[in-house]
Amino acid sequence: MINKGVKKLLVKLTLLVLPFILWPVLEATVFPIDLFTFRIWETISVNKMKVMSGPFYPNQHMIMEEEGELAPHTPYATKRKVEWYTDAYGYRNRDTEYDILLIGDSNITGAKLSQEETLAEVLERQLNKDVYSFAPATMNRFLATDRFTQDPPELVIVSSIERRIPELPAVGANGFNSKVRNFTGDLINSSPLLTKLFITFDRISKLGLYHRTLANIERSFGKKEYISYNNEFFIEGEIANRDFSEEEIQQMANVLESYKNALAERNIQFLFMPIPNKENIYYKMLPSQKKPDFLPRLLKELRKRNINVVDTQTDFEKLHQQDKIALYPIDDAHWNNVAVEVAAGLLAEQIKENSNTTQSDKSHFVNYKE
């Protein structure tokens with residue numbers, strides 16, 4: 001038998017631990033979902049429940065005054081009111097309709113942008129077609145998703161921030177996990193009860209107060225470092241404009257060519273649009289003032305391989321260097337609404353040009369047959 005002393009100790013330990021167990025549950029079930037977050041991204045992003053179909057909680061609508069990711073809760077933060085919608089699959093869309101699919105990272109999702117400012121919605125207005133934001137996601141997630149196999153889009157646009165292009169996975173990489181997630185995601189989405197249950201468990205795992213407090217302590221003791229030049233904040237600084245070997249360029253081009261080929265097998269058109277790093281366009285603010293040549297070299301190689309590409313760097317450089325127009329928030333590494341408008345215009349122009357070329361080729365083919 002357990003003696004009274006041990007029992008008292010167990011009771012005391014239980015009472016000591018109980019608040020730490022109950023608090024995360026209260027965070028997830030009682031308190032407002034955005035109580036300890038500074039962006040909608042952190043508020044509704046999937047943390048531990050990676051078996052859900054999308055990167056965010058499905059069927060959400062939120063409005064929040066956000067701060068940039070590089071200096072939140074500091075005097076350097078710039079606040080901006082944004083609105084978000086997520087669809088039934090947990091992606092940032094008002095609905096699930098699509099003619100064109102956008103695959104990409106957080107820039108495509110639209111960090112620190114309101115819903116109507118996201119690339120998908122801006123491009124949709126310009127083309128008068130349904131454009132779907134499948135982001136953040138990869139080509140392999142797309143290829144493993146049943147709804148796109150059953151009803152393929154006309155065109156897939158793959159976009160990536162410059163610093164993540166070397167990490168783009170080749171076709172087939174992590175394919176098994178993508179297929180598993182497609183199955184479990186559909187299962188969870190089929191039941192509102194299951195969806196709510198998984199969202200609740202995920203919210204518990206976030207430990208919002210703990211992480212918020214830890215970040216505040218790190219800032220108070222100067223442990224939180226910031227990369228800042230000329231009152232602008234950067235995510236990588238000088239290293240962002242590093243050099244790449246010809247072998248590395250060829251390897252990246254091989255990966256992107258594998259995307260084109262995989263889509264061609266499914267009669268889907270492919271278009272690649274890189275997004276320059278903030279350090280790329282603002283290179284004159286960095287200590288070295290070194291102008292990077294990575295994207296021009298990569299695009300040149302892709303054009304050699306007859307891969308359709310959109311060059312955003314040239315227009316971004318002109319707007320920032322000559323016209324002094326800001327294309328990135330001061331406290332964030334993602335592009336702003338002005339940059340999105342420019343990119344959407346370039347995409348729309350390229351898509352229309354490709355469409356006209358295709359129609360012309362078909363016309364010549366018909367005339368030849370006749």
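Counting begins at 1 with the first residue of the sequence.
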Ignoring hydrogens and geometry, is there a side-chain-to-backbone donor-acceptor pair from [X] to [Y] under 3.5 Å?
X      : Y      : value
Glu97  : Asp95  : no
Trp335 : Asn107 : yes
Asn308 : Leu271 : no
Asn189 : Gly185 : yes
Asn277 : Arg163 : yes
Asp99  : Asp130 : yes
Asn140 : Ala170 : yes
Glu66  : Ile40  : yes
Arg181 : Thr145 : no
Ser160 : Pro274 : no

*asked:* Going by the rule ring pair (Phe, Tyr, Trp, His ring centres under 6.0 Å), which residues pair with Phe142 if we only count those two or more places apart in sequence or in a different chain?
replied: Phe148
Are any of the side-chain heavy atoms of [X] and [Y] separated by less than 4.5 Å?
X      : Y      : value
Met252 : Glu248 : yes
Asp311 : Arg303 : yes
Trp41  : Ser106 : yes
Val82  : Glu65  : no
Arg94  : Asp87  : no
Pro136 : Ile108 : no
Thr109 : Trp84  : yes
Glu317 : Gln313 : yes

Any luck finding a side-chain donor-acceptor pair between [X] and [Y] under 3.5 Å?
X      : Y      : value
Glu247 : Gln251 : no
Asn354 : Gln350 : yes
Tyr57  : Asp202 : yes
Ser133 : Asn93  : no
Lys112 : Thr78  : yes

Does [X] pair with [Y] as a salt bridge, N-O distance under 4.0 Å?
X      : Y      : value
Glu257 : Lys260 : no
Glu279 : Lys290 : no
Lys278 : Glu232 : yes
Glu154 : Lys129 : yes
Asp323 : Lys318 : yes
Arg297 : Glu301 : no
Lys79  : Glu67  : yes

_Over 12 non-hydrogen atoms of neighbours within 6.0 angstrom of CD1 in Ile227_ = yes
_Quick check on Tyr76: does its OH atom have over 12 non-hydrogen neighbours (other residues, nucleotides or ligands) under 6.0 Å away?_
no
_Go through it in stages, so that I can follow the logic: the residues are Glu117 and Asn336, the test is side chain to side chain contact (heavy atoms under 4.5 Å, CB included), and I'd like the CA-CA distance, side-chain angles, deciding distance and then a yes or no._
CA-CA 9 Å; Glu117 297 171 329; Asn336 66 14; over 6 Å; no
*After noting the C-alpha distance and the side-chain angles of His334 and Ile235, does the key distance pass the side chain to side chain contact (heavy atoms under 4.5 Å, CB included) rule?*
CA-CA 10 Å; His334 298 90; Ile235 196 166; over 6 Å; no
*Report the C-alpha distance between Arg125 and Glu116 in whole Å, list the side-chain angles of each, state the deciding distance to 0.1 Å, and finish with yes or no for salt bridge (charged side-chain N to carboxylate O under 4.0 Å, His left out).*
CA-CA 10 Å; Arg125 291 193 293 270; Glu116 72 280 358; over 6 Å; no
Linked, directly or transitively: [X] and [Y] (ILVMFWY side chains, under 4.5 Å):
X      : Y      : answer
Met139 : Leu256 : yes
Ile204 : Ile44  : yes
Ile351 : Ile103 : no
Val122 : Leu346 : yes
Ile161 : Val338 : yes

Which atom of [X] lies closest to which atom of [Y], heavy atoms considered:
X      : Y      : answer
Thr312 : Ala343 : CG2-CB, 4.3 Å
Tyr226 : Ala71  : CE2-CA, 3.9 Å
Thr118 : Leu113 : CA-CD1, 4.5 Å
Gly104 : Ala135 : O-CB, 3.4 Å
Lys324 : Gln321 : NZ-O, 3.1 Å
Gln289 : Lys284 : NE2-O, 3.2 Å

*Gln115: which of His61, Arg92, Glu83 passes side-chain hydrogen bond (donor to acceptor under 3.5 Å, both in side chains)*: Arg92
*Which residues pass the side-chain contact (heavy atoms from CB on, under 4.5 Å) test with Asp151, sequence neighbours left out?*
Tyr98
_Six-ring centre of Phe134, Arg141 cation under 6.0 angstrom, axis tolerance 45°_ = no
*Validation row, ring centre Tyr91 to ring centre Phe56 under 6.0 Å*: no
Scan the side chains in residues 190-200 for donor-acceptor partners under 3.5 Å anywhere in the protein, sequence neighbours excluded, and list what turns up.
unit_1, atom_1, unit_2, atom_2, d
Ser190, OG, Leu187, O, 2.5
Ser191, OG, Leu193, N, 3.4
Ser191, OG, Leu194, N, 3.1
Thr195, OG1, Ile188, O, 2.9
Thr195, OG1, Ser191, O, 3.0
Thr200, OG1, Lys196, O, 2.8

*Kindly indicate, with the supporting measurements, whether the criterion side chain to side chain contact (heavy atoms under 4.5 Å, CB included) is fulfilled by Phe36 and Lys206.*
CA-CA 10 Å; Phe36 301 112; Lys206 286 184 174 178; over 6 Å; no
*Check the pair Tyr282 / Tyr328 against ring pair (Phe, Tyr, Trp, His ring centres under 6.0 Å), numbers first and verdict last.*
CA-CA 9 Å; Tyr282 288 15; Tyr328 304 83; 5.5 Å; yes
*Under the side chain to side chain donor-acceptor pair (under 3.5 Å) rule, what do Asn254 and Arg305 come out as? Steps first, then yes or no, please.*
CA-CA 10 Å; Asn254 289 342; Arg305 302 184 186 208; 2.6 Å; yes
